[in-house]
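All chains are named by letter (A, B, ...) in the order of the sequence lines, taking the proteins before the strands, and each is independently numbered beginning at 1.
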Amino acid sequence: MSRDLTAIKPYGDTMNDGKIQLSFTLPVPAGPEGKEAARKMASQLNLKEVEVVHTKDLGEDFSFYIVYGQTDKTIDYTKIRVARATSSVMDYYEINEYIEENIGRPLRVVGACTGSDAHTVGLDAIMNMKGYSGEYGLERYPMFKTLNLGSQVPNEELIHKALEFDADAMLISQVVTQKDIHVKNLTELVELLEAERLRDKFTIVVGGPRISHELALELGFDAGFGIGTLPPEVASFLAEELNREINKEEN
Amino acid sequence: MSRDLTAIKPYGDTMNDGKIQLSFTLPVPAGPEGKEAARKMASQLNLKEVEVVHTKDLGEDFSFYIVYGQTDKTIDYTKIRVARATSSVMDYYEINEYIEENIGRPLRVVGACTGSDAHTVGLDAIMNMKGYSGEYGLERYPMFKTLNLGSQVPNEELIHKALEFDADAMLISQVVTQKDIHVKNLTELVELLEAERLRDKFTIVVGGPRISHELALELGFDAGFGIGTLPPEVASFLAEELNREINKEEN
Amino acid sequence: MAKLDLDQNKVKRCRLASVKIADSVDNYIEGLTTTSVERTILRLYGVDGVNSEEIPVPNLIVDQLNKADLLEAGAAVRLGQALLSSQLTVEDLSEAIAENKLDIIKLINNSNLNSNKVKSYMRELASNRAKKIKAIREKRDELQQEYPPGPKPWLYVIVATGNIYEDVQQARAAARQGADIVAVIRSTAQSLLDYVPYGPTTEGFGGTYATQENFKIMREALDEVGQEEGRYIQLVNYCSGLCMPEIAAMGAIERLDMMLNDAMYGILFRDINMKRTFVDQYFSRLINAYAGIIINTGEDNYLTTADALSEAHTVVASQFINEELASRSQLPPELMGLGHAFEIDPTVKDGFLLEIAQAQLVRQLFPEAPLKYMPPTKYMTGDIFKGHLQDGMFNLTSIITGQGIQLLGMLTEAIHTPFMQDRALSLENAKYIFNNACNLGGEIQFKPDGKIQGRADKVLDETVEMLEEIAEKGLISALESGLFAGIERPRNGGKGKDGVIKKASDYYNPFAEIFRKELVASE
Amino acid sequence: MAKLDLDQNKVKRCRLASVKIADSVDNYIEGLTTTSVERTILRLYGVDGVNSEEIPVPNLIVDQLNKADLLEAGAAVRLGQALLSSQLTVEDLSEAIAENKLDIIKLINNSNLNSNKVKSYMRELASNRAKKIKAIREKRDELQQEYPPGPKPWLYVIVATGNIYEDVQQARAAARQGADIVAVIRSTAQSLLDYVPYGPTTEGFGGTYATQENFKIMREALDEVGQEEGRYIQLVNYCSGLCMPEIAAMGAIERLDMMLNDAMYGILFRDINMKRTFVDQYFSRLINAYAGIIINTGEDNYLTTADALSEAHTVVASQFINEELASRSQLPPELMGLGHAFEIDPTVKDGFLLEIAQAQLVRQLFPEAPLKYMPPTKYMTGDIFKGHLQDGMFNLTSIITGQGIQLLGMLTEAIHTPFMQDRALSLENAKYIFNNACNLGGEIQFKPDGKIQGRADKVLDETVEMLEEIAEKGLISALESGLFAGIERPRNGGKGKDGVIKKASDYYNPFAEIFRKELVASE
Ligand code: B12
Ligand code: B12
Ligand SMILES: Cc1ncc(COP(=O)(O)O)c(C=O)c1O
Ligand SMILES: Cc1ncc(COP(=O)(O)O)c(C=O)c1O
């Protein structure tokens with residue numbers, strides 16, 4: 001059962017059997033031809049030994065398929081490097097101490113669910129007193145001063161409020177992602193900041209269940225946080241990043 | 001919402017969005033690197049906009065992923081031709097009449113679950129009096145004489161019994177398919193028949209939940225029947241096929 | 001049916017408190033109307049269309065009236081003046097205004113008609129229009145006679161592609177798969193638009209715009225597929241937000257069957273002004289009542305943010321308030337789809353027992369209401385397999401406790417708005433459970449001193465306490481102090497405040513008069 | 001706990017009939033032994049190994065004894081003669097025979113020892129070997145003290161890759177995910193092998209060969225992971241088929257915790273000769289009892305082919321018979337994992353109520369037995385989402401009715417032997433339901449005249465009737481006439497018939513004597 005991590009494959013019940021489950025709908029009625037179309041589709045997805053194990057007519061000339069197949073494709077796991085927002089996560093006490101020692105004043109953070117997004121629970125989980133999953137939110141940290149603008153905040157207003165609050169960082173939450181509306185909202189914010197030459201003034205962080213650190217970097221943010229993020233992860237990042245920023249400026 | 005059937009794609013909630021769900025296990029622990037490996041794997045399966053929506057550590061350095069993605073691949077549905085065992089399925093009365101008129105004597109059919117396969121329910125559904133899903137089994141048809149050998153019949157014994165019974169056709173059931181044991185069993189039967197120059201003597205039919213007509217033809221059988229087969233489909237095929245065979249011989 | 005033993009005295013106290021609470025609301029909005037109510041009146045008369053900037057004619061008229069300080073007497077009278085002095089039909093007048101060919105303020109100011117004459121003309125016109133709505137209601141009754149809807153709990157699914165034509169496809173497919181009810185989810189943020197978009201639309205986010213044309217397109221599609229399936233398929237949309245009563249009017253005209261409509265949702269979840277909301281909800285519900293439309297209240301929303309265990313009583317308290325306010329709009333109990341939800345953390349030990357307790361409590365408190373039961377959403381994750389199971393337990397709770405309107409959970413709730421296959425799997429889920437455990441509720445009894453009974457008692461206790469506290473301090477103060485969903489709303493804040501108008505002493509709304517009179521008479 | 005009201009007189013009649021039935025079985029096999037029992041005795045003495053053709057030494061010896069007509073006195077005596085006259089240890093003797101360096105028949109024929117002396121020598125030897133088994137049992141008790149198994153219902157999963165090393169990986173992962181019990185499914189057709197394969201194996205179909213080495217490998221792996229998880233993980237295999245008692249002996253030695261073991265399964269489902277089966281089951285169960293191994297009976301199999309509604313009573317009847325026969329092998333109720341299954345067609349209206357009735361009936365009839373409850377298999381389809389839900393309803397039935405050993409259903413049942421992810425999802429399913437509905441059974445009561453009670457009454461009625469009919473005509477005739485699972489087996493047919501041997505008057509099986517004596521004493 002030795003594993004070659006340079007060429008891993010999916011595992012069903014035998015090492016490297018390459019087994020994968022998939023399901024999808026096709027815009028054709030159920031029947032032998034539909035099933036064959038499903039099989040062909042799976043073959044196009046680089047699967048072999050394709051078995052269409054379930055077919056269901058959905059009406060209106062649509063049909064649903066559950067399929068199993070095997071792939072020969074491999075991934076070199078040893079080469080995978082994932083960018084992480086923080087090198088290490090500190091705890092509540094360590095973070096406050098770190099900021100006190102290195103920056104010497106509380107960090108000022110403004111948060112908002114931008115655009116038409118009204119999902120505040122995620123941002124509240126990070127920012128508010130109560131926090132999330134047993135971890136305090138930033139509001140509770142003596143070394144953070146926070147302003148949570150809540151839901152459906154236009155990007156212009158966020159910038160305005162951030163200037164007013166003299167914020168070091170912005171925390172943006174984007175939960176609705178249908179038709180990539182989050183990408184639109186986030187890009188707009190970066191463009192607005194750049195247009196007003198404010199991009200360097202703020203560390204900008206985005207979070208949400210479909211957000212990854214990579215995506216955030218791609219869109220011009222300083223960090224991104226996804227599903228299940230805990231407040232100390234964000235606080236650690238902010239502490240380290242703003243330490244770099246602030247102490248760089250001063251030098 | 002017009003559909004181009006020459007280039008169909010999976011359908012999530014918008015025509016041609018190409019949405020697909022998949023799930024698989026990787027032989028690596030859960031974590032950002034595992035998630036990235038899952039994303040890469042899905043990309044190798046020709047999926048874009050890949051989202052790893054669920055990760056679960058399975059212990060022992062395995063992890064499970066649920067993934068959604070989009071494909072650009074299309075299938076030309078108008079070109080799909082599926083081989084079918086029968087051109088049309090007759091009913092109980094039509095079949096008996098057809099045999100009586102065209103062949104003039106009852107057809108003799110021997111059935112068996114071969115090799116180590118002990119799953120008799122499927123074969124019984126086709127062969128026995130009671131039948132399946134409200135359709136009588138072959139035993140009930142006046143124009144079939146049947147012999148059901150039951151489970152775990154070695155190929156040699158099946159051939160022996162078929163000769164003894166003076167069978168026109170053999171019905172083989174294969175349900176266990178792990179490690180392709182059914183392919184082995186089925187290939188062996190064809191080879192044995194050919195070695196004894198008996199291949200032309202019998203029409204050979206295979207059935208089982210993982211059997212398709214294509215696979216059966218590939219393995220040298222005359223027909224294959226899959227999930228949910230009803231007795232009249234098999235009876236229709238046998239009637240037509242043996243009509244061709246028997247009346248060809250006689251000419 | 002398994003029954004809880006509830007203290008009927010406490011139930012009575014809840015209803016008494018609700019009466020007091022509703023009185024205070026009535027007091028609070030005494031003498032007020034809103035721009036949206038007035039636009040609704042115009043729509044009910046048949047005013048429609050948009051100008052070149054896509055501004056709806058009802059908005060054009062009401063805005064001009066408001067600016068000219070002419071709104072206090074009500075849009076009905078002003079429209080009457082304009083119609084009578086221009087001798088135009090409503091349609092021609094609408095068109096002329098849309099094309100900016102006519103100055104309605106001038107028309108009104110020039111009109112020197114006897115005000116009683118105008119009123120009686122408009123009463124006549126309103127009465128004819130009301131007859132049409134009645135005819136639409138009767139048409140529904142006829143169709144439901146011919147193609148009866150499925151048995152309860154009704155299977156309710158949503159479509160939410162943003163494109164009405166995709167929605168139609170998915171709705172039709174869902175009906176084929178057994179759905180009883182299709183709701184077209186609205187695009188995000190429509191609730192904060194102070195006008196109703198126009199025409200068929202194909203671009204929405206997380207949902208499709210509610211427009212009259214979209215209503216019509218979907219109604220036709222569902223009628224057709226319903227006829228083919230031999231089952232009347234009910235159509236749902238939202239009359240909620242800044243255009244609450246306008247959408248009610250559109251729904252009445254297009255034969256919608258249900259409307260999301262809550263007395264407090266807008267205040268709490270959309271930060272809409274309290275007066276605006278309370279005035280709008282009254283008239284919108286009167287329309288729904290007249291059109292025979294079932295409302296769906298929004299108490300489930302409390303539990304998507306607040307904790308389903310500690311806040312369960314707020315749901316019940318809100319249901320009592322919604323019930324009392326709805327009945328003041330003449331909505332009979334059969335049209336009160338009071339909302340609640342299956343939102344207890346699935347890791348809670350015996351959480352399923354607590355869900356049963358809650359669902360059964362509500363069932364017994366509102367025995368005639370077609371309760372709207374919402375699925376797990378908050379604790380759904382990307383694990384679609386587990387999610388499907390959570391939805392199954394939700395369905396089981398519903399069939400045990402006899403819910404009315406089953407909003408099907410989707411295994412992909414945490415991921416995306418439903419794919420066609422997600423909906424199909426959910427329908428399969430509910431059909432399996434509803435059939436396989438069909439009479440379970442009638443087969444079992446709850447232990448008299450057990451956890452289920454105990455939980456129900458506790459929630460009822462907390463409900464009485466909360467309602468009596470609100471009755472004491474008034475609903476407005478309660479909303480200010482964050483008693484619901486932990487959300488605090490200042491009395492004078494909120495969107496749409498500008499749209500609240502003091503009625504003049506000669507204010508006239510013939511539709512309210514007609515609807516109320518007929519509804520009271522038919523009681 | 002919700003309780004059915006059962007007619008205790010009928011329950012008594014069931015047990016009385018079973019006593020009669022068991023008497024007839026005892027009669028039928030009076031004075032018989034089998035080749036497999038004799039091989040088992042050799043194994044218990046420590047005979048092991050295979051020759052160059054992979055034939056196990058116990059088979060080599062028993063075949064030679066049989067051919068030489070020396071088996072009637074029992075392999076124990078013959079082994080004793082050979083040992084005493086050769087002065088070899090059991091190990092050396094085994095090896096010599098495996099290497100074909102020694103003719104045991106000659107040794108025996110040349111031995112002229114006093115038969116009492118041989119017997120007492122072999123009794124002594126057996127007594128020492130029995131002590132080892134007892135020590136193994138005590139070791140289990142100790143480990144279970146230190147790392148207690150999880151609460152019931154225990155989560156039971158299977159591994160079935162065909163390769164013991166893959167199996168180990170999957171078993172360890174399953175334990176990490178919360179499994180309490182791991183069963184290594186046997187390769188197809190092993191049950192019809194008249195010998196037990198040897199050594200570690202990596203090639204099986206639909207399962208992995210049961211060999212002593214495989215047992216050892218898996219035991220070690222589970223001990224290790226169990227220790228790490230702080231939870232004793234139970235190991236299961238099959239003592240069933242032509243080598244039933246031999247595998248029992250292997251299991252006793254390798255500290256298996258459960259064994260599939262049924263008094264009639266081999267006859268019905270593997271067409272094994274009746275006498276062979278009844279003799280073998282008696283001794284195999286005596287071993288299991290002595291080793292403290294829980295048996296899992298196979299009544300669930302009836303419902304994989306026959307209809308779960310019309311044949312429900314055959315399951316219960318068979319459980320009564322299994323119970324009585326097991327108790328004659330001194331198995332206490334706590335070791336009787338009587339089998340049943342959740343196999344009603346999921347499209348049956350109120351089918352869930354009927355499943356509850358059945359599970360609760362069995363629970364009350366056998367209150368001390370750790371019931372083995374099997375998941376839906378027959379009506380599972382390629383629709384893995386629906387399948388997961390069916391498994392959820394199965395889990396719910398189990399937690400309501402307090403089952404003991406929960407064989408987890410797999411969403412992919414209709415497709416393949418479990419993938420690692422399938423097992424993980426199943427464990428998650430069961431853990432969710434067991435926790436979320438933990439005390440539901442204690443919270444509800446069944447309506448006295450309801451469907452659940454009615455169904456249980458009906459099944460009990462049919463069971464009494466069936467058992468009394470069998471008591472009348474004898475079990476052998478009942479099996480001939482197809483009363484179980486619709487399968488007819490002729491009295492003199494079936495595999496392994498050659499292996500049935502008449503015992504001579506001086507036949508001697510010291511292990512049976514020791515085990516029985518000690519078990520009776522400890523009662
Ligand atoms: C609760 C909820 C609501 C509530 C929101 C109440 C509120 N005040 O937030 C209500 C009922 C109002 C609502 C409404 C709608 N919702 Co909603 N909702 C949900 C639901 C059920 C849970 C979201 C949630 O609270 N999760 C819990 C929090 C803690 O998790 P989280 O958001 O992922 O946050 C964590 C991380 O992502 C991260 N994080 C998040 N933000 C940030 C920000 C920063 C800076 C950082 C560092 C980290 C971070 O940290 C958090 C803690 O770990 C989800 C489904 C689901 N189960 O996920 C749908 C869901 C998000 N909603 C959805 C939709 C479409 C809507 C509507 C648009 C529907 C409609 N047309 O009306 C409306 C409109 C809302 C709007 N205008 O945005 C969709 C989104 C689909 C998509 N992918 O685009 C979902 C997925 C449901 C679905 N399947 O359709 N919704
Ligand atoms: C019932 C059952 C059993 C029963 C069989 C009883 C019997 N007398 O048949 C018992 C309990 C004995 C059993 C044992 C085993 N089983 Co089994 N069993 C099943 C089960 C639950 C149902 C099969 C069934 O009866 N289906 C109903 C019939 C009507 O459907 P069908 O077979 O597909 O037949 C239809 C068509 O396929 C077609 N058809 C079938 N045969 C033929 C033949 C002809 C000529 C034609 C024309 C058509 C035709 O027509 C039929 C009617 O439409 C399946 C799981 C499942 N739900 O499918 C597992 C399953 C088939 N079993 C499986 C396994 C592994 C085993 C064992 C090997 C396990 C073990 N190691 O002990 C054993 C050994 C059996 C052996 N030696 O073969 C696996 C097979 C995995 C694989 N793909 O390889 C399955 C899928 C379960 C699983 N997920 O692990 N099994
Ligand atoms: C009563 C009510 N109105 C409206 C909505 C929808 O919200 P929106 O304001 O975004 O239309 C809901 C939410 O489910 C609701 O319950
Ligand atoms: C008691 C018993 N023995 C054995 C088996 C397994 O069958 P086989 O004979 O293929 O080992 C089963 C089936 O589940 C069973 O219940």
Is it the case that atom NZ in D/Lys458 sees more than 12 heavy atoms from other parts of the structure closer than 6.0 Å? no
Is there a donor-acceptor contact under 3.5 Å from the side chain of C/Glu443 to the main chain of D/Lys451? yes
Between C/Leu396 and chain D, with a heavy-atom cut-off of 4.5 Å, which part of the residue counts as in contact: side chain, backbone, both or neither? side chain
How long is the gap from CG on D/Leu440 to CD1 on C/Ile452, to the nearest 0.5 Å? 6.0 Å
Could you tell me the separation between the NE2 atom of D/His388 and the CG atom of C/Asn429, rounded to the nearest 0.5 Å? 11.0 Å
Quick one: sort the C/Phe385 and D/Phe385 rings into parallel, tilted or perpendicular, breaks at 30° and 60°. parallel
Under 4.5 Å to a heavy atom of chain C? For D/Ile384 that would be side chain
For C/Gln390, is it the side chain, the backbone, both, or neither that has a heavy atom closer than 4.5 Å to a heavy atom of chain D? both
Which value, rounded to the nearest 0.5 Å, describes the distance between D/Leu354 atom CG and C/Asn436 atom CG? 8.5 Å
Of all the heavy-atom pairs spanning D/Glu428 and C/Lys386, show the shortest one and how long it is. OE1-CB, 3.4 Å
CG (C/Leu353) and CD1 (D/Ile444) are apart, to the nearest 0.5 Å, by 8.5 Å
Between D/Asp383 and C/Leu425, which heavy-atom pair has the shortest distance, and what is it? OD1-CD2, 4.0 Å
What part of D/Asp391 gets closer than 4.5 Å to chain C, counting heavy atoms only: side chain, backbone, both or neither? neither
Non-hydrogen atoms of chain C under 4.5 Å away: do they reach the side chain of D/Leu411, the backbone, both or neither? side chain
Heavy atoms only, distances under 4.5 angstrom: which of D/Asp449, D/Ile356, D/Val348 has the most pairs with chain C? Name it, please. D/Val348
Given D/Glu355, D/Gln445, D/Met393, the one with more heavy-atom pairs under 4.5 angstrom with chain C than any other is D/Gln445
Under the 3.5 angstrom rule, does the side chain of C/Lys447 hit a backbone N or O of D/Gly442 as a donor-acceptor pair? yes
Here the pair of heavy atoms bringing D/Thr347 nearest to C/Asn435 is O-ND2, 2.9 Å
